[in-house]
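I have placed the structure first, in the form of structure tokens, so that the comments after it can refer back to it.
Just so we're on the same page: letters track the sequence lines, and every chain starts at 1.
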There are 2 protein chains.
Amino acid sequence: MELSNKQITVIFKALCDENRVQIFRILQHGELCACHLLEELHLSQPTLSHHMKVLCDSGLVVGRKEGKWMHYSISQEGAKVAMDCLKEITVVTENDCKCCNNQ
Amino acid sequence: MELSNKQITVIFKALCDENRVQIFRILQHGELCACHLLEELHLSQPTLSHHMKVLCDSGLVVGRKEGKWMHYSISQEGAKVAMDCLKEITVVTENDCKCCNNQ
DNA sequence: CACACACATAGAAAAAAGTCAATATGTTTT
DNA sequence: AAAACATATTGACTTTTTTCTATGTGTGTG
């Protein structure tokens, strides 16, 4: 897939804030609209809106508009991309140390 | 394993900075000491040292001291923890929307 | 059509993270 | 023991992120 360093940071920023991690935990019980998420978090409405944008940008969460409500859910496709990305960036192709006093 | 929200953010902070992602790419070719990492990055030595600390704190990278050199490598155990964590936080237990106009 | 509701956006303030120069620490070499 | 080297720490500065209040936008309702 060849994601850029920048794109990788955007994906994993989703999980770099405690409130956002908490949002994942809540969304694990199923799709939920912003107003109900708000009830379970100690955040203002604009702050939640900001976090939902970060989450959607990462691809790990998707939003679905229905009338005046926004329904959010965890994206399994996004999760797969993140998983593949994590696997790809942590795989080691060679194990020998070609460094310093190991000449 | 039951990681706290805070612990999860510490793991994934490793991948939230472009320079750190680049460090992963370099370490994929094998263990390397800080001085050689430094040659490949446009960073000052103290900044690299800072990033290596963030990476080690995440568990995704491990450092091995050998004389005056610090050798860094990607930790496969750390990668597994991160993978399990990502899987755990994105799994959805129920899919029905119990929300708003879906009463 | 006016009002209420759900959510997004703008702008400002505060907190956190990234960066570097200077310096400290620990290790090897001469 | 002094000098040289590799890395870590400190402290200051800059940039980014988080957060809020105020306001805007779009949708449904009386």
[atom1] of [X] versus [atom2] of [N]: gap in Å, rounded?
X	N	atom1	atom2	result
Trp69(A)	dA8(C)	CH2	P	14 Å
Phe12(B)	dA17(C)	CZ	P	17 Å
Asn19(B)	dG18(C)	CG	P	9 Å
Lys13(B)	dG18(C)	NZ	C1'	13 Å
Leu37(A)	dA6(C)	CG	P	14 Å
His42(A)	dC20(D)	NE2	P	11 Å
Met52(A)	dA6(C)	CE	P	16 Å
His50(A)	dA15(C)	NE2	P	16 Å

### Message
According to ring-ring contact (aromatic ring centres under 6.0 Å, His included), who are the partners of Phe24(B), at least two apart in sequence or on a separate chain?
### Response
none
Give the nucleotide from the list [options] with an atom nearest to the side chain of [X].
X	options	value
Lys68(B)	dT27(C), dG26(D), dT19(D)	dT27(C)
Thr47(A)	dT9(D), dC20(D), dA8(C)	dC20(D)
Leu43(A)	dT17(D), dG26(C), dC20(D)	dC20(D)
Arg20(B)	dT9(D), dG26(D), dG18(C)	dG18(C)
Asp17(B)	dG18(C), dA6(D), dC20(D)	dG18(C)
Cys35(B)	dA22(C), dT7(D), dG26(C)	dT7(D)
Ser44(B)	dA17(C), dC20(C), dA8(D)	dC20(C)
Tyr72(A)	dA22(C), dT9(C), dA8(C)	dA8(C)

### Query
Got a donor-acceptor pair under 3.5 Å from the side chain of Gln45(A) to the base of dA8(C)?
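Flag set: donor-acceptor pair detected.
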#### Entry: Minimum heavy-atom distance Asn19(B)-Leu41(B), with the two atoms named
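It is O-CD2, 4.4 Å.
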### Query
Judged by atom type as modelled, is there a donor-acceptor pair below 3.5 Å linking the side chain of Gln28(B) to the main-chain atoms of Glu88(A)?
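Present.
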### Message
With a cut-off of less than 4.0 Å, is there a side-chain N or O of His51(B) near OP1 or OP2 of dT19(C)?
### Response
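Checking His51(B) against dT19(C): at least one side-chain N or O falls below 4.0 Å of OP1 or OP2.
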### Query
Roughly how far, to the nearest 0.5 Å, is the CD atom of Gln7(A) from the SG atom of Cys85(A)?
9.0 Å
### Query
Taking NZ, NE, NH1 and NH2 as the nitrogens, is one of them in Arg64(A) or Glu66(A) under 4.0 Å from a carboxylate oxygen of the other?
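Salt bridge flag = yes for Glu66(A) with Arg64(A).
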### Task
Let me know, please, whether Lys65(B) or Ser49(A) comes out on the 5' side of the other along DNA chain C by nearest nucleotide.
Ser49(A)
